[in-house]
Amino acid sequence: MLVTIIVLFLVSLAIFARLTRGITKSSTCLIGKTAIITGANSGVGYQTALNLASRGCRVIMADVANLEKSKNDVIKHTNNSNIIAKKLDLGSLESIREFANEIKRNETRLDILVNNAGIGSCSSATIDGLNAVMQVNYFGHFLLTHLLIDLLKKSSPARIIFTSSILSFFNNLTVGNLNPGLDTPQSFRNQLQIYNNSKFALTVASGIFAKKLQTAAVTSNCVHPGLVSTYINLSLLDETNIFVKIVVKLLFFMFAKDSWTGSQSIVHVAVSQKLEHVTGGFFVDCLQFWAPGGREDEFEEIWRASEEFVKLGPEEKLS
Ligand SMILES: NC(=O)c1ccc[n+]([C@@H]2O[C@H](COP(=O)([O-])OP(=O)(O)OC[C@H]3O[C@@H](n4cnc5c(N)ncnc54)[C@H](OP(=O)(O)O)[C@@H]3O)[C@@H](O)[C@H]2O)c1
Ligand SMILES: *[C@@H]1O[C@H](CO)[C@@H](O)[C@H](O)[C@H]1NC(C)=O
Ligand SMILES: *[C@@H]1O[C@H](CO)[C@@H](O)[C@H](O)[C@H]1NC(C)=O
Ligand SMILES: *[C@@H]1O[C@H](CO)[C@@H](O)[C@H](O)[C@H]1NC(C)=O
Ligand SMILES: *[C@@H]1O[C@H](CO)[C@@H](O)[C@H](O)[C@H]1NC(C)=O
Ligand SMILES: CC(=O)N[C@H]1CO[C@H](CO)[C@@H](O)[C@@H]1O
């Protein structure tokens with residue numbers, strides 16, 4: 001009896017999850033516009049690139065992985081040959097600066113910046129000596145966005161989108177643990193907490209970018225893509241026990257979206273005409289939710305500490 005009820009409950013939940021998947025209805029044309037997408041080689045980043053390209057956008061696909069195949073696939077599927085593949089390793093501040101410099105040299109405009117790349121876990125520090133999950137997910141995008149601000153402003157109205165996560169609500173981020181050392185045990189729980197925190201840091205930065213860029217007509221929003229079946233789903237699981245593995249796999253089997261569906265909210269926030277003036281928001285299934293909360297003064301501290309971690313020059317800091 002109990003088992004039947006539980007099974008029925010889970011099945012209804014799964015059906016509900018399927019029915020409420022947000023799909024963008026926007027048909028915005030992007031001919032003449034330019035977008036950058038980080039982590040565009042796979043998962044929701046790749047699907048976002050495909051979608052924007054199909055709208056006629058010039059798409060710059062950035063990733064640490066070799067992008068040739070993905071780039072050719074996008075061109076093949078969209079007939080849009082205005083696609084650039086460019087190596088970007090968010091785990092290296094130097095690579096980020098090199099990337100941004102080349103963009104500034106080559107491009108005359110930037111309308112959409114999708115800060116999407118992310119990793120679930122990593123057991124070594126970056127060459128900059130920062131926690132790798134924090135750097136790839138957060139610090140790297142914090143720096144990249146700063147370096148591209150002038151180009152975005154020049155092209156305004158422009159949009160910045162951060163791929164955050166609902167796990168950002170379950171954070172315990174403080175200025176003190178913004179860059180956790182590798183001396184903390186690499187347990188599943190600690191790894192997940194750093195991931196949660198990195199996704200929360202993105203919402204903090206997004207909120208402050210939104211405020212600082214309001215007069216420049218550059219919006220900044222966060223998106224939770226949903227539970228999506230991608231490579232990232234498994235990387236965290238290497239650290240955990242068989243029971244957690246089974247539960248997570250079951251959850252994915254019942255509730256996860258495919259990458260195309262997972263990219264829909266990102267695309268929606270990037271192109272929907274209704275959202276032209278919406279900034280500082282947090283989106284799930286193409287709908288705006290409240291962003292995870294916290295103290296404003298602590299957010300400011302996190303911002304200032306981040307400026308130091310990524311070694312921003314005085315003239316590069318946003319006033
Ligand atoms: N999947 C979910 O359920 C879920 C839920 C909430 C939020 N998200 C977020 O969604 C975003 C996209 O993830 P996904 O699920 O599509 O996973 P994914 O398929 O693993 O895509 C992430 C992409 O980022 C790239 N990347 C990794 N390290 C990088 C680096 N140092 N520099 C530049 N690019 C790097 C990866 O390249 P490699 O293939 O070489 O590693 C990969 O192409 C992530 O920010 C993730 O946190 C995902
Ligand atoms: C791409 O363009 C070619 C030549 O113009 C055309 O034959 C083909 O159907 C197009 N493919 C798509 C997916 O639009
Ligand atoms: C920038 O332009 C140079 C010279 O034309 C070219 O070699 C390079 O691939 C371009 N890079 C990007 C990211 O477009
Ligand atoms: C991170 O999120 C997971 C999943 O909701 C949760 O179990 C965990 O407790 C969170 N970590 C912290 C520190 O809140
Ligand atoms: C955050 O959560 C992790 C894992 O749950 C814990 O080890 C750590 O001490 C917590 N940090 C703070 C500052 O509360
Ligand atoms: C639960 C699970 O393993 N889901 C997916 C994780 O990502 C890989 C690679 O894309 C998929 O093959 C799995 O189905």
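When a ligand or atom number is given, it counts from 1 through the structure's own listing order.
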Would you mind listing which atoms of ligand 1 come within a distance below 4.0 Å of any non-hydrogen atom of A117?
24 (O), 34 (N), 35 (C), 45 (O)
Is there at least one pair of N or O atoms, one from S229 and one from ligand 1, spaced under 3.5 Å apart?
no
Under 4.0 Å from any heavy atom of G91, which atoms of ligand 1 are there?
31 (N)
For atom 30 (C) of ligand 1, which of the options V228, N115, V64 provides the nearest non-hydrogen atom?
V64
Close N/O pairs between ligand 4 and protein, under 3.5 Å:
residue, atom, partner, partner atom, Å
ligand 4, 2 (O), N196, OD1, 3.4
ligand 4, 2 (O), N196, ND2, 2.3
ligand 4, 11 (N), F170, O, 3.3
ligand 4, 11 (N), N196, ND2, 3.0
ligand 4, 14 (O), F170, O, 2.6

Between L88 and ligand 1, does any nitrogen or oxygen pair lie at a separation below 3.5 Å?
yes
Ligand 1 to A40 polar contact by distance, N or O atoms, under 3.5 Å
no
Please work out which of G226, S165, G45 has its closest non-hydrogen atom nearest to atom 5 (C) of ligand 1.
G226
Using a 4.0 Å heavy-atom cut-off, say whether A256 meets ligand 1 through its side chain, its backbone, both or neither.
neither
Salt-bridge contact D285-K257 (side-chain N to carboxylate O under 4.0 Å):
yes
Using a plain distance cutoff, I'd like to know if N116 has any nitrogen or oxygen under 3.5 Å from a nitrogen or oxygen of ligand 1.
yes
Does an N or O anywhere in L90 fall below 3.5 Å from an N or O of ligand 1?
yes
So is H224 polar-close to ligand 1, meaning N/O to N/O under 3.5 Å?
no
Salt-bridged, D150 to K154, with N to O below 4.0 Å?
no
Can you list the atoms of ligand 1 that are under 4.0 Å from a heavy atom of I119?
27 (C), 28 (N)
